[in-house]
Amino acid sequence: MALLKILIFPDPRLRTVAKTVEVVDDSIKKLAQDMLETMYQGSGIGLAATQVNVHKRVIVLDISESKDEPLILINPEIIKIIDPNKKIFSEGCLSVPGFYEELKRPSSVEISYLDIDGKKNLLLANDLLAVVIQHEMDHLDGKMMVDFISNIKREMIRKKLLKAKGL
């Protein structure tokens, strides 16, 4: 396994829309394992392939306290919003380090995805799991949590992250 470089906002590559994975082969399996290692190293609970500059529809996550329950979702799709009432959750992002924002999202969704063996699965996700999946799926569509906050706040975050990079 290998650590991957995480793209940091406002890197324009984060806006690339990921392509559907046609075949779950060894390269996808290696990507998923490398993404998990990168996510754990960064103390994250979710990571989308877009964040490591691989524009394929792959996300990894692990919301367990013990960090030993990884979930790999390939070509994830929300097929049903179970609870249309949105709840507020505090979200962070490995591509927007050090910032947390209160965002509203559906707290219960049903997801269709391929697992690491290429088998189709359904998952009913609630609360934190639902939020993490939606957050990571946004990345696959070239969207980020900063897109859901005010322009002023987004610009402040952009300037602070550029300054931290020495730009």
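Note that the OG atom of S64 and the CG atom of L128 stand 10.5 Å from one another [nearest 0.5 Å]. Rounded to the nearest 0.5 Å, atoms NE2 (H55) and CG (L140) are 10.5 Å apart. Rounding to the nearest 0.5 angstrom, the gap separating the CG atom in N121 from the CD1 atom in I116 is 11.5 Å. To the nearest 0.5 Å, atoms CG (L123) and CD1 (I79) are separated by 10.0 Å. For the atom pair M156 CE and I149 CD1, the distance stands at 7.0 Å (nearest 0.5 Å). Residue M35 holds its CE atom at 10.5 Å from CD of Q33, rounded to the nearest 0.5 Å.
Hydrophobic cluster membership differs between F89 and M144, with clusters built from Ile, Leu, Val, Met, Phe, Trp and Tyr side chains linked at under 4.5 angstrom. I74 is not connected to V109 by any chain of hydrophobic side-chain contacts under 4.5 Å among Ile, Leu, Val, Met, Phe, Trp and Tyr, and they are in different clusters. Both I133 and I63 belong to a common hydrophobic cluster when Ile, Leu, Val, Met, Phe, Trp and Tyr are linked at side-chain heavy-atom distances under 4.5 angstrom. Two different hydrophobic clusters hold I72 and I45 under the rule that ILVMFWY side chains link at heavy-atom gaps under 4.5 Å. In the hydrophobic clustering of this structure, I28 does not group with L71; members are Ile, Leu, Val, Met, Phe, Trp, Tyr whose side-chain heavy atoms approach within less than 4.5 Å, directly or through other members.
For K104, the salt bridge (Lys or Arg N to Asp or Glu O under 4.0 Å) criterion is met by no residue, not counting sequence neighbours. Residues satisfying the salt bridge (Lys or Arg N to Asp or Glu O under 4.0 Å) criterion with R105, sequence neighbours excluded, are E91, D138.
Contact check for F99 versus L161: side-chain heavy atoms found under the 4.5 Å cut-off. Contact check for S108 versus N126: side-chain heavy atoms found under the 4.5 Å cut-off. When side chains are defined from C-beta on, C93 counts as touching H139, because their heavy atoms get closer than 4.5 Å.
Residue I81 qualifies as open at atom CD1: its count of foreign heavy atoms under 6.0 Å is 12 or below. Other residues, nucleotides and ligands place no more than 12 heavy atoms under 6.0 Å from the CD1 atom of I152. K80 NZ: 12 or fewer foreign heavy atoms inside a 6.0 Å radius. For E65, the CD atom sits in a loose shell: 12 or fewer heavy atoms of surrounding residues, nucleotides or ligands are nearer than 6.0 Å. Few gaps surround NZ on K29; more than 12 heavy atoms of other groups in view lie less than 6.0 Å from it. Heavy atoms of other residues, nucleotides or ligands lying less than 6.0 angstrom from CD of Q41 number 12 at most.
Scanning all heavy atoms of the two residues, the minimum distance from Y100 to S90 falls at CB-OG, 3.8 Å. For M137 against P76, the heavy-atom pair with the smallest separation is CE-O, 3.3 Å. Shortest non-hydrogen contact noted between Y113 and L122 is CE2-C, 4.4 Å. Shown here for Q134 and P106, the closest heavy-atom pair between the two residues is NE2-O, 2.8 Å. The shortest non-hydrogen separation linking F9 to R154 is CZ-CG, 3.9 Å. Heavy-atom minimum distance, G142 versus D147: O-OD2, 4.3 Å.
A donor-acceptor pair is defined here as one N or O able to donate and one able to accept, closer than 3.5 Å; such a pair exists between the side chain of E37 and the backbone of A2. With hydrogens and angles ignored, the 3.5 Å screen pairs a side-chain donor or acceptor of S95 with a backbone N or O of L7. Within the 3.5 Å criterion, the main-chain N or O of R13 finds a donor-acceptor partner in the side chain of D11. A distance-only check finds no donor-acceptor pair linking the side chain of R57 to the backbone of V21 [under 3.5 Å]. Looking only at distances, a side-chain donor or acceptor of E136 sits under 3.5 Å from a matching main-chain atom of A48. Here the side chain of D62 pairs a donor or acceptor atom with the backbone of D68 at under 3.5 angstrom.
The residues D25 and K30 are annotated as not salt-bridged, no charged nitrogen and carboxylate oxygen being separated by less than 4.0 angstrom.
When L31, V60, L47, L61 are each tested for a side chain to side chain contact (heavy atoms under 4.5 Å, CB included) with L36, only one passes: V60.
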Margin query: Walk me through whether I157 and E101 qualify under side-chain contact (heavy atoms from CB on, under 4.5 Å).
Written below: CA-CA 11 Å; I157 291 170; E101 296 298 329; 3.8 Å; yes
